[in-house]
Amino acid sequence: VTGTSVARVQPDTVVWHVNIRRMHKELAKAQLDCDEGVKRVLALRTELKLKPEEAQTGYLSVQKIFDRDQAGNQTSFRHFQVERSLTLRQRDTSRFDTVLAGLVAASDVEVSYSLESSEYHERRTKTRLEAVKAARKKAADMTELLGGKLGRVLRIAEPQENWGSSYNTMSNSVFSAPRAAEPDQAPG
């Protein structure tokens with residue numbers, strides 16, 4: 001049987017994903033421009049009242065970009081492209097618009113965000129146990145209706161989480177071994 005439990009929690013953290021991309025024919029200039037953009041975003045920590053540990057620089061990408069002809073073949077060198085990502089954690093969600101305005105004004109950046117809850121792991125653990133309880137009750141009700149009793153647990157499986165949905169659903173399955181048939185009962 002499968003047991004399901006659903007928990008909803010109010011997000012209390014905004015995770016900002018900032019991407020800075022600079023292009024120039026000279027690699028050193030593209031790198032310098034990108035570094036300046038990163039510095040401007042990191043300087044916002046104080047202004048936006050974010051703690052230093054709530055800002056983290058991410059990947060760095062350096063690419064040569066070429067023009068292409070109509071057939072898609074690479075032709076002449078166009079420029080270097082330097083990209084850098086940053087992540088900022090904003091614990092005060094009431095200041096969402098202030099932080100967004102600061103990021104947009106700071107530099108020519110790409111900005112996206114996701115919402116998280118500081119209670120996620122605690123709530124997930126509790127929800128998982130509630131799903132197991134629901135599965136056990138369901139199994140007990142079904143076997144009782146058929147005149148049987150639950151056997152020992154053989155396996156508990158947890159399906160993969162669905163990260164694409166707006167909330168995560170936790171489901172647990174409980175399997176029990178069939179009990180040995182009583183001497184006066186027919187098998188089957």
Side-chain angles (χ1 to χ4, degrees), residues 1-20 41-42 44-45 48-61 83-104 109-188:
V1 296
T2 300
T4 303
S5 180
V6 177
R8 289 180 172 69
V9 63
Q10 185 72 28
D12 59 6
T13 304
V14 180
V15 181
W16 295 96
H17 309 282
V18 182
N19 193 43
I20 300 169
V41 170
L42 290 176
L44 288 173
R45 289 183 303 198
L48 299 173
K49 299 176 185 170
L50 300 175
K51 296 177 183 172
E53 63 271 13
E54 293 175 335
Q56 178 180 338
T57 56
Y59 73 88
L60 169 68
S61 169
E83 276 186 74
R84 191 73 189 254
S85 69
L86 293 101
T87 302
L88 303 174
R89 291 188 161 297
Q90 175 192 352
R91 309 267 180 209
D92 179 8
T93 59
S94 67
R95 303 186 70 243
F96 179 91
D97 291 330
T98 305
V99 174
L100 176 60
L103 288 171
V104 171
V109 298
E110 296 172 12
V111 178
S112 64
Y113 70 93
S114 57
L115 299 173
E116 293 182 357
S117 171
S118 58
E119 298 176 21
Y120 173 76
H121 294 291
E122 177 185 319
R123 186 65 64 102
R124 181 176 182 224
T125 299
K126 183 178 177 183
T127 304
R128 180 184 297 120
L129 295 176
E130 289 172 1
V132 171
K133 287 177 189 174
R136 180 179 173 81
K137 180 172 179 5
K138 185 176 176 182
D141 291 347
M142 291 170 68
T143 54
E144 183 181 325
L145 184 65
L146 297 170
K149 294 181 182 176
L150 289 180
R152 64 182 178 87
V153 174
L154 292 178
R155 183 172 68 116
I156 298 175
E158 187 171 36
Q160 295 297 318
E161 295 178 15
N162 180 4
W163 291 103
S165 66
S166 59
Y167 58 90
N168 293 326
T169 304
M170 301 305 299
S171 176
N172 287 291
S173 303
V174 178
F175 301 89
S176 65
R179 294 176 55 92
E182 297 295 324
D184 60 344
Q185 292 180 335

- request: Assess whether side-chain contact (heavy atoms from CB on, under 4.5 Å) is satisfied between L44 and L88, documenting all intermediate values.
  value: CA-CA 10 Å; L44 288 173; L88 303 174; 5.8 Å; no
message: Between Y59 and N19, is there a side-chain donor-acceptor contact under 3.5 Å, judged purely by atom types and distance?
response: yes
message: Checking side chain to side chain contact (heavy atoms under 4.5 Å, CB included) between V1 and each of K137, M142, R136, which is the one that passes?
response: M142
query: Please walk me through it: do V18 and L103 pass side-chain contact (heavy atoms from CB on, under 4.5 Å)?
result: CA-CA 8 Å; V18 182; L103 288 171; 4.1 Å; yes
To the nearest 0.5 Å, tell me how far [X] [atom1] sits from [Y] [atom2].
{"X": "T57", "Y": "L42", "atom1": "OG1", "atom2": "CG", "value": "7.0 Å"}
{"X": "S85", "Y": "Q56", "atom1": "OG", "atom2": "CD", "value": "8.5 Å"}
{"X": "Q10", "Y": "L115", "atom1": "CD", "atom2": "CG", "value": "9.0 Å"}
{"X": "E119", "Y": "T13", "atom1": "CD", "atom2": "OG1", "value": "10.0 Å"}
{"X": "S118", "Y": "R123", "atom1": "OG", "atom2": "CZ", "value": "10.5 Å"}
{"X": "T127", "Y": "R8", "atom1": "OG1", "atom2": "CZ", "value": "11.0 Å"}

field: Trace of the side-chain contact (heavy atoms from CB on, under 4.5 Å) decision for V14 with R95
entry: CA-CA 10 Å; V14 180; R95 303 186 70 243; over 6 Å; no
Shortest non-hydrogen contact from [X] to [Y]?
{"X": "T93", "Y": "P11", "answer": "CG2-O, 4.4 Å"}
{"X": "R89", "Y": "L50", "answer": "O-CD2, 3.7 Å"}
{"X": "A135", "Y": "G3", "answer": "CB-N, 3.4 Å"}

message: R45: which residues meet the salt bridge (charged side-chain N to carboxylate O under 4.0 Å, His left out) condition with it, sequence neighbours left out?
response: none
field: Expected output: side-chain Q90 to main-chain W16 donor-acceptor under 3.5 Å
entry: no
- prompt: Counting only heavy atoms not in E122, do more than 12 fall under 6.0 Å of its CD?
  reply: no
- prompt: Taking only residues at least two apart or on different chains, which pairs with a member in residues 49-59 satisfy salt bridge (charged side-chain N to carboxylate O under 4.0 Å, His left out)?
  reply: E54-R91
